[in-house]
Every structure is written in structure tokens, then in C-alpha cells.
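The structure displayed is predicted, hence computed values, not measured ones. The sequence lines fix the lettering, A, B, ..., with proteins before strands; numbering per chain opens at 1. Hydrogens, waters and symmetry mates play no part in the numbers below; they use all other heavy atoms, side chains included.
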There are 2 protein chains.
Amino acid sequence: MTPAPNPDRRSAQARRNILDTTIELIARNGHANVTIEAIAAAAGVGKTTIYRWWPSKGALALDAINDHVGEALDFPDTGDVVADLRGQITELVNLLNGDIGVVFRGVIAEAQSAPAIGAAILETIIEPRTRACQARLVTAVAVGQLRADIPTRAMVELLYAPVYYRLLLGADALRPQDVPDLLDHCLTGLRSPAGDRMAP
Amino acid sequence: MTPAPNPDRRSAQARRNILDTTIELIARNGHANVTIEAIAAAAGVGKTTIYRWWPSKGALALDAINDHVGEALDFPDTGDVVADLRGQITELVNLLNGDIGVVFRGVIAEAQSAPAIGAAILETIIEPRTRACQARLVTAVAVGQLRADIPTRAMVELLYAPVYYRLLLGADALRPQDVPDLLDHCLTGLRSPAGDRMAP
DNA sequence: ACGCAACGATACGTAGCGTATCGCTACAAT
DNA sequence: ATTGTAGCGATACGCTACGTATCGTTGCGT
């Protein structure tokens, strides 16, 4: 293996240009249609520099996402879990409807054949926010706003799965204004409150 | 454009070999790690033959999926919508946990940067089964088993989104034995039946 | 002033793309 | 029976991007 480079001597300027250019190029052309050489050229950087710090285009794009999103999407606690979820999911939907959404789709795509990328997505994006959401749900369960007989982990998946389903498999994007209904359906359930009146 | 080939003179043998080999190779190595040249070689076929009938690896893989799945995953109607959903979703989970799951993940991945593939997935896989599910839900609504104030389209997404979420973003696969609980959570909802007892 | 390591640039061999061009063969029309 | 047609497998082609190696250059710490 090539000797590891020294992060202390790393050019902050080159890193910034690379991360910004990555988002811009992928957002415009799609992940699969952007080459590392093109990113290097557009960023005014030697492609050696990219390969020195990132092992693949997917890893670079994932880094660019995390750099751009930063501390956004943190979880509030107003006491009303429905309002908190509505706010957070709406914010996520807005983010995914922009440039970040295109880049994220590409990274998830690459992860389907590259387990290392999948693990990195989970570790840097999904898991931290899942845990934050779980923590919020735990307090909601404690005050009786949510059922206590469902693992909060399962709740998180149930709430966010439709967002990612629409991102990756939907005919069109989920709109922010659709979030309240979506949330209500998850919370109230599909079963009729009237019960089964099939047989007379 | 190259003149369209005549389907009547197409070699059924070559088509069979290509479709079977595609599933086999992608299931073993992952979509991104299989080349059309490798499929042609393993199928004992000239790569010209593949390019003559399929425009891309994604289109070929999608065809191979549809060929292998065939009429499976049809929708029963036993009168009990919960049992019917449980059976159908379990069947889907089993399918996605096998070779088809690997191939499908690859096709969805390719679709993220290739809108034509995405449209083809919707048209040949998602939409027909969504409509079949919707039809079953409509009868369930009619007999009072499901709420009448949620569009059946939204219900379908709510039920199936967690399956695809786990397929594409999960740390590990959804097990068939997890389906009943998942279904119950969707049907009953996350909100506590006791109501909010936060403030004394 | 010096040395080191990251930098941008460039060259390189390799893999796979998608197309073109071979006879060869199976089948349909005559 | 003969002939024409068109899909077939094989092979060669130019091209693009990959990922690595190797330059001289530059900027920073000592």
C-alpha cells in the first residue's frame, strides 16, 4: 500500500474546491456521469490529489454530502413529538429535493455493489440520525405519546422508509406539503377504527 | 440508428442463456462488477447479440428479473386483508433475500443516474404490483377492514417502503419472520392508544 | 537556509465500452 | 433444390476513464 499521507500538511484550499466541485458536478450530471478526472479538472486540482485522499468516487461524494449538510437535521424537542417529527422530516425532504438529493442517490447507488460505501453511509449519515430520532421517540413513549410496545428502532424505520422509497423508487419527488399526511398515516395506522364489519 | 432487428428470427436459445447467465453472474459478483463482455463470454454468445437486443446492462438485468419472477407475487384475496398482505410481503421478502434481490439492487442503483431504467422499473415491476395491491386494499376498505380516509396508493407505499428501505439502506436484510410485526405496526400505528398523558 | 511532503501536471498500461465487419447458418420463399 | 435474408459468434477497432508512477514545484516547519 502507498504510505499514508500526512493530514496536517493537507491543502485546505484543494479540499474545499474538490468537495464543492463534486456536489456541483454530480448534481448537474448525475453520479454515474461524472468522472474523477472531470472533478479534478473542474476543481483545478491534480487527480493525484483526489486519489491521495479518497479511495473512490462514492467515498468522495459521501464526504462532500457530510461536509455540506453539517449539523443540519438535528432533532428538536418541543414536547410535541408530532410537531418535532413533522419539522425534521420536512427539513429532510427539502434537503433531498435539492442538489444533495441527487448526490445522495448516487452514493446509495454505488453502495449497492460496494459494501464499504454502504457501511460508511450507515455510519456517517443514517445511524447517527437514527439514534437521535430514537432518543426523541423514547421521551415521547415515556410521556405516553407513542406506543410502548414497539421498539423505537422499528418506529424510526417506519417513519423514514417512505421518504427514501420515494427518493429511490418514486415516480416523482415527495413534496414537503405531503409530510403531515404521511406522518399522520404512520401514527394512526391503516386499520379501520370501526373494526371489521365484513360479515353481517 | 441501427435498423431494428426482427424478433421473429431471434434465437430463443441465446436469449435463455443470456438471461440466466445475467442473474447468475450479477448475483455472485454484484451488478457493478459484471461487464457485458463477461456475460457474453459466460453465456457462450457474441456480445454483439446482447447489444442487438438490450440497450444497457441495466435493461438486460431488469429483463432477466422479470423473466425469472414471472407471475409470482400475484395477489390473493382470502377475505382477510391482513393475512393476504402478510403472505404477499413475506413472499417478496424471501425473493429479495435471494439472487433476485442482488440483481434488483443493482438495477435500482443504475436507475439513479439513468431515468430510462427508472421508468422501466416502475412500468414493469412496481406499478403493476402496486395496482394489484391497491385493488386488494380497495375491497378491504369496502368491508371496513381499512380506513377509508387514506388513499390506497399511500397505503401501498407505507406498507412496502420499509421492505425496500431495508433492501437498499439496511445494515442487514429483513427476515421473513419480521414481516408480521412490521405489518402490525403499519396497521395499528405508532400513536399510543392511551393518548397523551404528559401533563398531570 | 534547508528538507520534506503535498501539490499540479503528465505519461502510462489496462479494462471495458459500443460499433463495425467478418464468414456461418437456419429458415422462408420461390 | 436453390437462393436470399438476417440473426448468429467471433474478432478487431478507436475511445474513454481508470488507477499508478513519476516528474519538477511549492509552501511550511525547523
Side-chain angles (χ1 to χ4, degrees), chain A residues 1-22 25-26 28-63 106-107 109-114 116-117, chain B residues 1-22 25-26 28-63 106-107 109-114 116-117:
Chain A
M1 188 183 284
T2 307
N6 180 352
D8 293 340
R9 309 191 59 158
R10 182 171 188 180
S11 161
Q13 179 65 65
R15 177 175 174 278
R16 262 271 55 78
N17 290 349
I18 291 168
L19 292 176
D20 293 345
T21 305
T22 298
L25 247 49
I26 293 182
R28 187 184 326 145
N29 303 325
H31 185 81
N33 307 312
V34 172
T35 67
I36 288 190
E37 295 192 317
I39 294 173
V45 142
K47 74 173 177 169
T48 320
T49 304
I50 294 182
Y51 281 110
R52 181 176 299 119
W53 297 109
W54 291 277
S56 70
K57 187 172 57 174
L60 167 57
L62 181 57
D63 249 29
V107 175
E110 190 167 332
Q112 301 310 314
S113 301
I117 301 290
Chain B
M1 186 183 281
T2 307
N6 180 353
D8 292 340
R9 307 189 60 159
R10 183 170 188 181
S11 160
Q13 180 64 65
R15 177 174 173 278
R16 261 271 57 77
N17 289 350
I18 292 168
L19 292 175
D20 293 345
T21 305
T22 298
L25 248 48
I26 294 182
R28 187 185 324 148
N29 304 324
H31 185 82
N33 306 312
V34 172
T35 67
I36 288 189
E37 296 192 314
I39 295 173
V45 143
K47 74 172 175 169
T48 319
T49 303
I50 295 182
Y51 281 109
R52 181 177 298 120
W53 298 107
W54 291 278
S56 70
K57 188 172 56 172
L60 167 57
L62 181 58
D63 249 28
V107 175
E110 191 167 331
Q112 300 310 313
S113 300
I117 302 290

* Asked: Which whole-number value in Å describes the distance from A:Tyr51 OH to C:dG8 C1'?
  -> 16 Å
* Any pair counted as salt bridge (Lys or Arg N to Asp or Glu O under 4.0 Å), so long as it reaches residues 52-63 of chain A, sequence neighbours left out -> none
* Mind checking whether B:Ile18 and B:Trp54 have side chains closer than 4.5 Å, heavy atoms only? -> yes
* Asked: Taking protein heavy atoms under 4.0 Å as touching, what does nucleotides 5-10 of chain D look like 5' to 3' if B marks base contact, S marks sugar-phosphate-only contact and - marks none?
  -> BBSBSB
* Note, B:Asn33 side chain near B:Leu25 side chain (heavy atom, < 4.5 Å) -> no
* To do: Figure out the CZ/P separation between A:Arg16 and C:dC7, and round it to whole Å.
  => 15 Å
* Does some side-chain heavy atom of A:Val34 sit less than 4.5 Å from a side-chain heavy atom of A:Thr22? -> no
What pairs of nitrogen or oxygen atoms, one from the protein and one from nucleotides 28-30 of chain C, lie under 3.5 Å apart?
none

* **Atom pair distance, as rounded to whole Å: CG in B:Asn33 and P in C:dC17** => 12 Å
* To do: Quickly work out the B:Ile39 CD1 to C:dG18 P distance and round it to whole Å.
  => 12 Å
* Asked: With a 4.5 Å heavy-atom cut-off, do A:Trp53 and A:Arg10 have their side chains touching?
  -> yes
* Asked: Which whole-number value in Å describes the distance from A:Asn29 CG to D:dA17 P?
  -> 12 Å
* Asked: So, B:His31 versus B:Glu110: side-chain donor-acceptor pair below 3.5 Å or not?
  -> yes
* **With sequence neighbours excluded, residues passing side chain to side chain donor-acceptor pair (under 3.5 Å) with B:Asn29** => none
* Residues in salt bridge (charged side-chain N to carboxylate O under 4.0 Å, His left out) contact with B:Arg9, at least two apart in sequence or another chain -> none
* Starting at CH2 of A:Trp54 and ending at P of D:dT20, how long is that distance when rounded to a whole Å? -> 16 Å
* Value in whole Å for how far the C1' atom of C:dA15 lies from CD of B:Glu37 -> 8 Å
* To do: Could you state the atom-to-atom distance from CG of A:Asn17 to C1' of C:dC7 in whole Å?
  => 13 Å
* Structure fact -> Closest of C:dG18, D:dA17, D:dG19 to the A:Ile36 side chain is D:dG19
* Asked: If you look only at pairs with a residue in residues 37-50 of chain A, which of them pass as a side-chain hydrogen bond (donor to acceptor under 3.5 Å, both in side chains), with sequence neighbours excluded?
  -> A:Glu37-A:Lys47
